[in-house]
Amino acid sequence: MDDKNIKKAFQEKASKLTPLEVPSIASILRKKRNKVIKRRQIYTSIGTVAVCFVISFGIWSGSDHSDTNGTMKVNEMYADVMMRIQPTNVPIMDSYIKEDVIKDEAIIGSIIAKTGDGLRDIEGVETGIAIYNIRESNDVAIKLDDVWHRFTKKEQ
Amino acid sequence: MKKEGIDLPENKDLIQAKKGDTKAFDKLIFPIIEPLFKTMYLMTGDRSAAEDIVQETMYQTFIHIKRFDPKKASLNTWMKKIAINQASKMNRKLVKNEIYEEETWIDKGRDYIANEEDYVFEELSYLSESVRIVMVLFYYEENSIKEIAEIIGISEGTVKSRLNTGRENLKQRLERRKEREE
């Protein structure tokens, strides 16, 4: 093993290499600029979504949910109720149901459907499941309205 | 180091490139790029990595061309320095076994019989990056110990020591290979 062999090995390898198509600096600069623009766009999109989320959350948490005139749309109210039913709220909902604050079977059913296993052990589950199937009907909307007022009253 | 035309302070392209003229810059660095690409390929063993390094080196050179002082170093040395730094930054490993096999044997078809140079190059790929850089600069580019020390930014003693390590390791690897084959 001598120096000549090492030199030859490098030269052989380099000579077999297909020549490089040398890019112009203008094209490299363009590529770099596009990359920066793309990255900025991604960050802007993420930022916009985050800001929208924060604003929406702020509006939602700051708004007065008790609609005394009963003009709040059923879907919005339903969404509000559902928003509050997170797995972390399960014990609270559990106590509301036990204390008869929430009597409505439809809402109980919805709670069960939303929270899954978390409420399996509480009272009224079976009825809730049965009623859940009819939660889309108009009658349920009226019941929801009542439940919502009781729910918010309890919170206050 | 010998002063070439492009390294003279009065070089028109250099003056224009320093003012941001992209065409003058292209003209100025064109003769340096192809050899630099080959050197980077030998150091990394990966064509696409070498291409990336060359492109990034071109970009960095253009951005910092105002700082380039032909009295201190040649443009070639300066760009090589940038390229080696880029290679380290990219954390590219040296020639990977799979890449080497793919390019040396598979591309040539089944009938290809590897020669001694192929084995030497393959074994070189197992040396550490710092040693391999010195080996490439010394054996392929035929730079002097002093020049290598200047490019990498290490002492001449370290260059000598790395060269010695490279030679020794290579010799041992080739001997072991021979024994395995026997």
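Throughout, a chain's letter reflects where its sequence line sits, starting with A, and its residues are numbered from 1.
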ask   = Are any side-chain N or O atoms of B:Arg47 and backbone N or O atoms of A:Leu17, one a donor and one an acceptor, separated by less than 3.5 Å?
value = no
message = Please report the interatomic distance CD1(A:Ile28) to CD(B:Glu56), rounded to the nearest 0.5 Å.
response = 9.0 Å
key: Part of residues 34-41 of chain A lying next to chain B, heavy-atom separation under 4.5 Å   = none
inquiry  = Is it the case that atom NZ in B:Lys160 sees more than 12 heavy atoms from other parts of the structure closer than 6.0 Å?
reply    = no
inquiry  = Is B:Tyr140 in contact with chain A via its backbone, its side chain, both, or neither, using a 4.5 Å heavy-atom distance?
reply    = both
query = Do B:Tyr139 and A:Gln11 come within less than 4.5 Å of each other through their side chains, counting heavy atoms only?
reply = no
ask   = Would B:Leu124 and A:Phe10 satisfy side-chain contact (heavy atoms from CB on, under 4.5 Å), going step by step from the backbone distance to the final call?
value = CA-CA 9 Å; B:Leu124 273 164; A:Phe10 278 130; 3.6 Å; yes
key: Cationic tip of A:Lys32 above B:Tyr59 ring, under 6.0 Å, 45° of axis   = yes
ask   = Atom CD of A:Glu21 and atom CD1 of B:Ile33: how far apart are they, to the nearest 0.5 Å?
value = 14.0 Å
task = For B:Glu34 and A:Pro19, indicate whether the former's side chain and the latter's backbone hold a donor-acceptor pair under 3.5 Å.
result = no
task = Go through the steps for B:Arg167 and A:Asp3 under the test side-chain contact (heavy atoms from CB on, under 4.5 Å), then give the verdict.
result = CA-CA 8 Å; B:Arg167 271 190 220 113; A:Asp3 288 5; 3.5 Å; yes
query = To the nearest 0.5 Å, how far apart are NZ in B:Lys38 and NZ in A:Lys16?
reply = 12.5 Å
query = Can you say whether B:Glu123 sits under 4.5 Å from chain A via the side chain, the backbone, both, or neither, judging by heavy atoms?
reply = neither
message = Quick one, B:Phe37 with A:Val22, criterion side-chain contact (heavy atoms from CB on, under 4.5 Å). Give me CA distance, side-chain angles, the key distance, then yes/no.
response = CA-CA 10 Å; B:Phe37 168 62; A:Val22 184; over 6 Å; no
ask   = Relative to chain A, which segment of B:Glu175 carries a heavy atom at a distance below 4.5 Å: side chain, backbone, both, or neither?
value = neither
inquiry  = Less than 4.5 Å to any heavy atom of chain A: does that hold for the side chain of B:Val54, its backbone, both, or neither?
reply    = side chain
